[in-house]
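Structure, as structure tokens:
A note on names: the letters A, B, ... follow the listed sequences, proteins ahead of strands, and every chain is numbered from 1.
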Protein chains: 2
Amino acid sequence: MKISTKGRYALRMLIDLAEHNDNGFIALKEIAERQDISKKYLEQIIPILNRSGILITNRGYQGGYKLAKNPEEITVGEILRNTEGSMAPVACLEQTPNQCEKCSYCVTLPIWQGLEKVVNEYLDSISLQDIINQSKNRSGDYII
Amino acid sequence: MKISTKGRYALRMLIDLAEHNDNGFIALKEIAERQDISKKYLEQIIPILNRSGILITNRGYQGGYKLAKNPEEITVGEILRNTEGSMAPVACLEQTPNQCEKCSYCVTLPIWQGLEKVVNEYLDSISLQDIINQSKNRSGDYII
DNA sequence: ATAATACCTATTGACTTAATAGGATATGTT
DNA sequence: AACATATCCTATTAAGTCAATAGGTATTAT
């Protein structure tokens, strides 16, 4: 039940973008260095976020990326579902309708459906803005 | 975020044991055939359930397995945490204290901690007895 | 003794993950 | 137009994990 680096890196990249949002485009080089993540590897994650309407690109000289929406409109659930493919704990939940020949009488299916639901509801309840706010509050603890 | 066959097979095996509990020991051959799972592979999963105090073994002729507790005392969470190692969505949560050098200021850590919590709470809310009861209710739909 | 059972450890093929690599394409600046 | 700085695209690969399969050893009721 692990989330892959793809999803974790995507989340960190988007938090970075949200934190450094000055209405301009931010070069991947900058993000990769700040987050200490392979730039080449991030390049492969970006098309997913692009297609999903999470990220906007500017190509060429002084190009880069910025969020396609406000940080409060982008949830962790949206990011992870797109990068991980889905949050389904079992493969059969990824096809609708369920293609497993046992699904009509499967006693464990309702458990997995319920699990996917609580996972998605939790992750959808957290926006990029929430993460930034939390992070600010935590830093505050040390200042006082 | 997938649950492996190890965890899924363990769950199915234990549901099978709970359903066919006649206070005797049930041979693995029987379970494997009924569930259509490789007997040899199940053999590797059993030691985990044994160590975890979920299963009791009887060796030799007419040997087999039975649940170590009542079906209402065994939760899906207990089964999956033991077979999968943990339900942590990221590896750093598996060591206490957290060994990641960034953990003191990591902005995503609270998200993963929260996710592990909702997953465990959900899975701990379902017992083997609950699954059997659900299954009976569903069959009832067709009888009427 | 025998047959039926559980227990133990090693091996393996297929697949996935997490990168790395090398270019092609686009675009603002000079 | 040339150039530098970016993104975009596709292929390759090393390492690791998964899901078994295999072959034996130990135990016990009959």
Could you check whether A:Tyr65 gets within reach of a base, just the sugar-phosphate, or nothing at all, counting any heavy atom under 4.0 Å? sugar-phosphate
Nearest 0.5 Å please: distance from the CD atom of B:Glu19 over to the CD atom of B:Gln129. 10.0 Å
OP1, OP2 of C:dT16 versus side-chain N and O of A:Ser4: anything below 4.0 Å? no
Atom pairs and distances, donor-acceptor, side-chain atoms in residues 89-98 of chain A, under 3.5 Å, two or more places apart:
residue	atom	partner	partner atom	Å
A:Glu94	OE2	A:Ser86	OG	2.8
A:Glu94	OE2	B:Lys2	NZ	2.7
A:Asn98	OD1	A:Cys100	N	2.9

Look at B:Ser38 and D:dT21 and indicate whether a side-chain polar atom (N or O) is within less than 4.0 Å of OP1 or OP2. yes
I'd like a table of donor-acceptor pairs (distance under 3.5 Å, sequence neighbours excluded) in which one partner is a side-chain atom from residues 63-73 of chain B, with atom names and distances.
residue	atom	partner	partner atom	Å
B:Lys69	NZ	B:Glu78	OE1	3.3
B:Lys69	NZ	B:Glu78	OE2	2.9
B:Glu73	OE1	B:Asn70	N	3.0

Please report, rounded to the nearest Å, how far the P atom of C:dT17 is from the CZ atom of A:Arg8. 12 Å
Does a side chain donor of either B:Gln134 or B:Asp130 reach within less than 3.5 Å of an acceptor in the other side chain? no
Counting only heavy atoms not in A:Asp22, do more than 12 fall under 6.0 Å of its CG? yes
Tell me what A:Lys39 touches on the nucleic acid: a base, only sugar-phosphate, or nothing, going by heavy atoms under 4.0 Å. base
Atom NZ of A:Lys29 to atom C1' of D:dA4: distance rounded to whole Å? 12 Å
Spacing of A:Lys6 atom NZ relative to C:dT16 atom P, expressed in whole Å: 11 Å
Provide, to the nearest angstrom, the distance between the NZ atom belonging to A:Lys2 and the P atom belonging to C:dT16. 19 Å
Base-contact (B) and sugar-phosphate-only (S) positions in nucleotides 21-30 of chain C, heavy-atom cut-off under 4.0 Å, - elsewhere: BBB-BBBBS-
Base, sugar-phosphate or nothing for B:Phe25? Non-hydrogen atoms, less than 4.0 Å. nothing
Examine C:dA6: is either OP1 or OP2 under 4.0 Å from a nitrogen or oxygen in the side chain of B:Thr57? Give yes or no. no
Measure from the side chain of A:Tyr41, starting at C-beta and using heavy atoms only, and say which of C:dA19, D:dA20, C:dC7 lies closest. C:dA19
Just how far, in rounded Å, is P of D:dC9 from CG of A:Leu42? 16 Å
Measure the distance from CD1 on B:Ile31 to C1' on C:dA6 and round it to the nearest whole Å. 12 Å
Pairwise side-chain contact, B:Leu11 with B:Ile131, heavy-atom cut-off 4.5 Å (strictly under): yes
For the residue pair A:Ser4 and A:Tyr9, confirm or rule out a side-chain donor-acceptor distance under 3.5 Å. no
Figure out the CD1/P separation between B:Ile37 and D:dA19, and round it to whole Å. 12 Å
Grab the CG-P distance between B:Asp36 and D:dA20 for me, whole Å please. 10 Å
